[in-house]
Amino acid sequence: MQEIRQTESNGTIIGVLSEMDLKIEETEVEVVSNGNTSKKKCNHVVGSFSIETDNGTFKFFAPRFANELKKDGTKNKSYDSWVTVINEYVSKLDVAKNGGDATRVKLGVGFNSYDRFDDKSNQVVHNCGFTSGFMSRVNDEVESSTDIQIEGVIKNIRPEMKDDEETGKLLVDFITVGYGDKEIGQIANVDTFVVEEDIADAFVNGYFDEILGENIRGYQVGDTCTLNCEIKMEHIGGETKPTGGLGRKAKVKSGYDKMSIVVFGGEKPLNLDEELNKDKIYSVETVKGLLNERQIYIDSLPSKAKTKANNGGGNKASGGLGNRKPQVSNGDNPFGGDASANPFM
């Protein structure tokens, strides 16, 4: 399959540094200089850190580009910025031990979902995560944010159900383009986003764009579009019935935390200006091919895990849908009203 452009995403996480487990290690990088390729040893930043926001606490990992040397062998300034994070930033965990004030930070992130083989369950599982960009300090007055814009293709739209009743929200299966591994290459990743109740009707039936001064149809299956979202962490479970027993009850947290991608708006579908956006729109054939590559990749994961174990190792700006922009019915389904006509299902 020929190279296909990756879907774009851009988000900003603003909150207080909760925990930090970053360190400097030595690594070996490939350097290209004057047409010659060689390997050189240098330092790079590894580890993880957590940021506490109004929407929950989220864990991130050091970016892949935090190497001391760039590919051309010159000094990498981004590495220096992450060394500053290690040496000067203070987490809430540090404050609990040593006192002081935790650092309020802003982190650039990208959306990254992938499938992997889980050794404990012996199954392939899907993970929804984020890549780290640059991190900087911000004043305490800067509001918390978990906003992110994610580009992709709509695979399906359906009502959210709870106890056999519609909640008023929608669930959108959203396709993004990423990578499997060196053997498989590019694949489609599929994640389910939640559309807020206050924009659910406009999401499928359309809205009036005050900036463009025109009516925009609702989103449809097959649309290439950018959705405005925020990341939320929801605690599930933890409610227990009162019981007897000896003495006071232990203060323990039960249940689990679940991360959700919540849609609060979106940009005009690229499909509405096909000629202008022909190089950006993903065709049905392209998406079906990427979904097929994904299935091949998923099917290969168990055997690869077993082998590894054995080896030890320029458009016009528009208002868009929704009442705010991120800090960064299926309508006239082009594939017909019958769900079986959806080529992505």
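Atoms considered below: every heavy atom in the structure, side chains included; atoms not considered: hydrogens, waters and symmetry mates. Residues: numbered from 1 along the sequence shown.
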### Query
side chain to side chain contact (heavy atoms under 4.5 Å, CB included) between Phe264 and Asn228: does it pass, once the steps are laid out?
CA-CA 6 Å; Phe264 60 80; Asn228 299 334; 3.8 Å; yes
Are any of the side-chain heavy atoms of [X] and [Y] separated by less than 4.5 Å?
X      : Y      : result
Glu26  : Asn43  : yes
Asn55  : Glu230 : yes
Lys71  : Glu30  : no
Glu151 : Val177 : no
Tyr282 : Ile4   : yes
Asp173 : Ile175 : no
Ile51  : Phe58  : no
Met233 : Thr57  : no

### Message
What I want to find out is whether Lys162 reaches Glu160 closely enough, with some N-O distance under 4.0 Å, to be called a salt bridge.
### Response
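Judged by the 4.0 Å cut-off on N to carboxylate O distance, Lys162 and Glu160 do not form a salt bridge.
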### Query
Less than 4.0 Å between a side-chain N and a carboxylate O, is that true for Glu196 and Lys232?
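Yes.
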### Message
Show, in sequence, the C-alpha distance, side-chain angles and deciding distance for Val287 and Lys155, and conclude whether the side chain to side chain contact (heavy atoms under 4.5 Å, CB included) test is met.
### Response
CA-CA 9 Å; Val287 173; Lys155 182 177 185 286; over 6 Å; no
Single-linkage hydrophobic cluster [X]~[Y], side-chain heavy atoms < 4.5 angstrom:
X      : Y      : answer
Met259 : Val195 : yes
Phe60  : Met135 : yes
Val221 : Val194 : no
Val109 : Phe61  : no
Phe134 : Val45  : yes

List the atom of [X], the atom of [Y], and the distance in Å for their closest heavy-atom pair.
X      : Y      : answer
Cys225 : Pro269 : CB-CA, 4.1 Å
Leu227 : Val263 : CD1-CG2, 4.1 Å
Asp115 : His126 : OD1-ND1, 2.9 Å
Arg104 : Glu143 : NH2-C, 3.7 Å
Ile231 : Thr146 : O-OG1, 2.8 Å
Ser145 : Thr53  : O-CG2, 4.3 Å

### Task
May I ask you to decide if Val262's main-chain N or O and Ser260's side chain share a donor-acceptor pair within less than 3.5 Å?
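A pair under 3.5 Å: no.
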### Query
Counting distance only, does the side-chain N/O of Thr7 pair as donor-acceptor with the main-chain N or O of Thr176 below 3.5 Å?
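Such a contact is absent between Thr7 side chain and Thr176 backbone.
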### Message
Could you tell me if Ser91 and Asp94 have a donor-acceptor pair between their side chains, going purely by distance under 3.5 Å?
### Response
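Yes.
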### Query
Do Gln149 and Thr226 get their side chains close enough for a donor-acceptor pair, meaning under 3.5 Å?
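Note: Gln149 and Thr226 side chains miss the donor-acceptor criterion.
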### Task
Could you give me the CA-CA distance, side-chain angles and deciding distance for Thr12 and Lys106, then say whether side chain to side chain contact (heavy atoms under 4.5 Å, CB included) is met?
CA-CA 7 Å; Thr12 301; Lys106 178 173 72 172; 3.5 Å; yes
When rounded to the nearest 0.5 angstrom, what distance separates [atom1] in [X] from [atom2] in [Y]?
X      : Y      : atom1 : atom2 : answer
Thr192 : Asn156 : OG1   : CG    : 9.0 Å
Thr103 : Tyr89  : OG1   : OH    : 7.5 Å
Phe174 : Ile157 : CZ    : CD1   : 10.0 Å
Gln295 : Leu291 : CD    : CG    : 9.5 Å
Thr286 : Lys288 : OG1   : NZ    : 11.5 Å
Asp201 : Tyr207 : CG    : OH    : 13.5 Å

### Query
Just one of Asn205, Asp223, Asn271 clears the side chain to side chain donor-acceptor pair (under 3.5 Å) bar with Arg217, so which one?
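Between Arg217 and the candidates, side chain to side chain donor-acceptor pair (under 3.5 Å) is satisfied uniquely by Asp223.
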#### Entry: Residue Lys304 excluded, over 12 heavy atoms near NZ under 6.0 Å
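Check passes, neighbour count above 12.
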Solution key, residues 14-22 side-chain donor-acceptor pairs under 3.5 Å, sequence neighbours excluded:
none

Taking distance alone, no hydrogens or angles, what donor-acceptor pairs closer than 3.5 Å link side-chain atoms of residues 73-82 to residues at least two apart or in another chain?
| unit_1 | atom_1 | unit_2 | atom_2 | d |
| --- | --- | --- | --- | --- |
| Thr74 | OG1 | Asp72 | OD1 | 2.6 |
| Thr74 | OG1 | Asp72 | OD2 | 3.4 |
| Lys75 | NZ | Glu68 | OE2 | 3.2 |
| Asn76 | OD1 | Ser78 | N | 3.1 |
| Asn76 | OD1 | Ser78 | OG | 2.7 |
| Asn76 | ND2 | Phe65 | O | 2.9 |
| Asn76 | ND2 | Asn67 | O | 2.9 |
| Asn76 | ND2 | Ser78 | OG | 3.0 |
| Ser81 | OG | Ser78 | O | 2.6 |

### Task
Given side chain to side chain contact (heavy atoms under 4.5 Å, CB included), test Glu274 with Ile281 step by step and report yes or no.
CA-CA 8 Å; Glu274 288 195 19; Ile281 295 172; 4.1 Å; yes
### Pairwise side chain to side chain donor-acceptor pair (under 3.5 Å) hits with a residue in residues 127-138, at least two apart
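Qualifying pairs, neighbours excluded: Glu88-Arg137, Arg116-Asn127.
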#### Entry: Residue pair Arg5, Asp279: steps toward the salt bridge (Lys or Arg N to Asp or Glu O under 4.0 Å) verdict
CA-CA 9 Å; Arg5 77 174 184 90; Asp279 294 332; over 6 Å; no
